[in-house]
Amino acid sequence: MKHGAQRASAGRARGSHLLLALLLSLPPLPLRAAPAGEAPAAPAGDPASRPRVALVLQGGGAMGLAHVGVLKLIDQLGIPVDIVVGTSMGSIVGGLYSIGYGAEELERLTLGADWLELFFAKSLPADEKYWDRVDRSRYAISLDFDRSGTKLSAGLLSDRRILAYLDRLTLSVPAEADFDSLPRRFRAVATDIATGERVVLGRGSLADAMRASMGIPGVFAPYRLGGRYLVDGGLVDNLPIDLARELGAEIVIAVQLSGGERFSEEELGRSPLASLTRSIDIMTDMNVLPQLPRASYVLNVDLTGYTTADFLRGAEILAVGERAALERRGDFEELRSRILGPGGAAAEAPPRPAPPRVDRVLVVGAEGKEEAKTLSLLLPLEGGLADEAVLEEAVGYLERRGAYSSIRLQSEERGRQSLLVLRLQKSPPERNAVRLGFASEASYTTSIGSRDIIAPGLVFRGLTSPGSKLTIDFSLNDQPGLGAAFLQPLGERLFAELSFLASSSVDTYVTDDLEGRSFQINRQSVAWRLGFTPFNWAEIAASLRYDEIPHTGSYPDLPAGPDVEAAPIASLSFELSLLDSPIFPQKGVHAAAGYQQGIPGIGGSRAFRTFETSGCLVSSIDVPLSLELEWEYGTDFSERGDDDDAAPAYYKPDLANRRMFPGLMDAGERMGGHVLGLSLLGKYQLNWSTRALGLPAFALLHGSAGTALQDLAQAGSFKDYSHATADIGLGLRVNDAFGLMMRVGMARGLDEVPKGFVAIDLGAFGMR
């Protein structure tokens, strides 16, 4: 497949590229006298003497689906094809066509496939612990490192799903096949990333050949095959007409894809990425243009307005290819007559590949219960034929486990037995990492409140056992601090953690009167935690913590129990997260609850109790639309906010959740002895249908209401102590720990005076 930087853009060159512009301005090459060495037309009624015909398909990512539309006319007219040569997406369509998939079947497969799922969906590791999931929501950048330095992934996307899909489609072909023995001879073109050489793939695994040919540099890791690291063939030969001639083709039909994404002069001047993309476009164009005269016929499919990532517009792209062929139907009919002779009978297409017989199932790379479960899913195939539904269920089960970097299905002949072999490769264990988190929040109204936090850190794994983890984190800017934690698994589900934290939390508001609007709380804590993970998406923990809080400021106008400078605290907590992403989730649930008890008698501490819970429930109404209900609740169990047994100000329940309340609130509006907040957020993904490789962007409609009671006596008139927010906005998700949210709205505080506000959040705002 081709990336947006490697598309067939034969209609775009201009300016100083005079030769390129001239060639691209020409119409599709008409039928003409056969070049030297090209066979003459076959005599009527003598199909055995007809010339050998090759079909050459260009790369182009999603735009390559247009090839299927062209094949529909070729099949309809009965034009014989003996050789198929393709690059990138052209190799995928061509490879399937070479083993007997007809155009109608290819249309069903290409339009029925969930390309976003195959290329872009991620599977969480089945054994990923809850604390690692939390880390993913906090740290936007994580780089593995060892003694040689940091290590980046060789590709942005995993090829695991697309390879498993191609395996299932090509299961009728043995794992080690000679592509000359296929119903139509086939070749795929790739590039050796080390030498820059063109690599022609003509034997081995058909799925491997197609995968190697579509390896977009930087998007997919180079594919190791035959001792070489291979990437997309479009870098050196995006429309391999010469290769078709080398294979003995006497008539060559080439399908060229042009158009794609255009860049204005202004865009080229503003963005280095646009210039790089355009440069690679020109490079791939230039390896196509010299070969065009050596084709017998070139059909140019104009795909202006589409991109290599437009898989969700596959039906449109396929229809464009079909229309382009139909507009030149006369040319194709003339081609047919030239190949078969006047009145020649239409060539019979090879039959659709039959599923292989399965005498025995073999699973390699799984152990214990997982091996037994996988075998139980596949055993019904033994003694019969490979069934697509059974294979899909087995592969789907392994995908959901998320424990394997490779899931391969292949048919093999061993003696007289036909084997179905499922080979699994475990995902490598996580390594030491350097990571970085970032969070910035700002609200602008009659006052300005902001906070910026940069959080670099280090993770060292496996110091005492394979699952142990030492983290050292720093926090800079408005919340400076240092934290260290050592987590030790105790068997499969239990863990113990010892941690230290020193931090300073600053809230600053820019107003005419800073007094009462700016305060700072310092804290040092040592904690020991014992936890249990009943599932990898949930955690239950008990802890003992010792806090020291030398106050350098206090929350203004907030009734609270007597301050403590040292507080031994016992706590119980529960958390679960089943969201598809912490930032702008489209479905799932998140919930957290915690109870803490101050232990009296040490360092002037005293007894107090608090309970807090928060969470959200997200429901997908339609593909692009979802609703999110979020809640916050807390109590300190005291009758009056300033009773002797009430929580100190620092430990009061708090509604400081900017997803719910983005406007500025006084301490008394968000903190209290008893707080409750509810929020409803509607999200519409703006680019769900057009930008497969783009970042998810959302339109937001939001409303919330909350109350903070200082005394239980206020419960009867809680409306007087309530506030509300309504806003609209836009959001963007980069990954699970970095997003952008901009909102404009109105907030009504306890003074009942509505105030407009603008709120901007950047970074990790998905989980508190």
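All values reported here derive from a predicted model rather than from experimental measurement.
- With sequence neighbours excluded, the residues that form a salt bridge (Lys or Arg N to Asp or Glu O under 4.0 Å) with Asp135 are Arg435, Lys469.
- Here Arg138 does not pair with Asp736 in a salt bridge; the nearest charged N to carboxylate O distance is not below 4.0 Å.
- Listed by chain and number, the residues in a side-chain contact (heavy atoms from CB on, under 4.5 Å) with Ile454 are Leu436, Phe438, Pro456, Leu476, Asn477 (sequence neighbours excluded).
- Across Pro653 and Val675, no two heavy atoms sit closer than the pair CB-CG2, 3.7 Å.
- In terms of the side-chain contact (heavy atoms from CB on, under 4.5 Å) criterion, Ala439 has no residue partners (sequence neighbours excluded).
- Side chain of Arg733 to main chain of Ile583: a donor-acceptor pair is present (N/O by atom type, distance under 3.5 Å, no hydrogens or angles).
- Legend: residues meeting ring pair (Phe, Tyr, Trp, His ring centres under 6.0 Å) with Tyr651, ordered by chain and number and at least two apart, are Phe608.
- Between Lys683 and Leu625 there is no side-chain heavy-atom pair separated by less than 4.5 Å.
- For Arg748 and Glu669, the salt-bridge test fails: no basic side-chain N is under 4.0 Å from an acidic carboxylate O.
- Looking only at distances, no side-chain donor or acceptor of Arg493 sits under 3.5 Å from a matching main-chain atom of Phe532.
- Side chains of Ser571 and Ser543: a donor on one and an acceptor on the other come within 3.5 Å.
- Side chain of Ser443 to main chain of Pro662: a donor-acceptor pair is present (N/O by atom type, distance under 3.5 Å, no hydrogens or angles).
- Taking both residues in full, the closest heavy atoms of Leu458 and Phe460 are given as CB-CE1, 3.8 Å, listed atom of the first, atom of the second, then distance.
- Looking at Thr635 and Thr610, their side chains never come closer than 4.5 Å, going by heavy atoms from C-beta outward.
- The nearest pair of heavy atoms linking Leu487 to Glu497 is CD1-OE2, 3.8 Å.
- Here the CE-CG distance, from Met741 to Leu681, works out to 8.0 Å after rounding to the nearest 0.5 Å.
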Lys587 vs Glu628, salt bridge (Lys or Arg N to Asp or Glu O under 4.0 Å): CA-CA, chis, key distance, verdict: CA-CA 8 Å; Lys587 59 182 178 180; Glu628 179 176 340; over 6 Å; no
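- With hydrogens and angles disregarded, a donor-acceptor distance shorter than 3.5 Å links the side chain of Asp580 to the backbone of Gln586.
- Gln425 is linked by a side-chain hydrogen bond (donor to acceptor under 3.5 Å, both in side chains) to nothing, counting only residues two or more places apart in sequence or in another chain.
- Screening residues 696-705 for salt bridge (Lys or Arg N to Asp or Glu O under 4.0 Å), with sequence neighbours left out, gives no hits.
- Considering only heavy atoms from C-beta on, Tyr139 comes within 4.5 Å of Asp473 through its side chain.
- In the model, Asp232 has no side-chain atom that pairs as donor or acceptor with a side-chain atom of Tyr223 under 3.5 Å.
- In terms of heavy-atom proximity, Gln524 sits nearest to Ala502 at CG-CB, 4.1 Å.
- Two rings, from Phe661 and His723, have their centers less than 6.0 Å apart.
- Atom CD1 of Ile728 sits in a sparse spot, with 12 or fewer heavy atoms from other residues, nucleotides or ligands closer than 6.0 Å.
- Checking Trp131, Phe486, Tyr130 one by one against Phe495, the ring-ring contact (aromatic ring centres under 6.0 Å, His included) holds for a single residue, Trp131.
- Counting only distance, with no hydrogens or angles, the side chain of Arg461 and the backbone of Ala433 share no donor-acceptor pair below 3.5 Å.
- Counting only distance, with no hydrogens or angles, the side chain of His590 and the backbone of Leu576 share a donor-acceptor pair below 3.5 Å.
- For Phe611 and Tyr595, the ring centers sit 6.0 Å or farther from each other.
- Between the side chains of His702 and Ser679, at least one donor-acceptor pair of N or O atoms lies under 3.5 Å.
- By the 4.0 Å N-to-carboxylate-O rule, Arg658 lies close enough to Asp761 to be salt-bridged with it.
- In this structure, Ala140 and Asn735 approach most closely via the heavy-atom pair O-ND2, 3.1 Å.
- Under the 3.5 Å distance criterion, with hydrogens and angles disregarded, a donor-acceptor pair is assigned to the side chains of Asn657 and Glu632.
- Taking all atoms of both residues into account, the shortest heavy-atom contact from Ala592 to Glu575 is CB-CG, 3.7 Å.
- Within the 3.5 Å criterion, the main-chain N or O of Ala538 finds no donor-acceptor partner in the side chain of Thr533.
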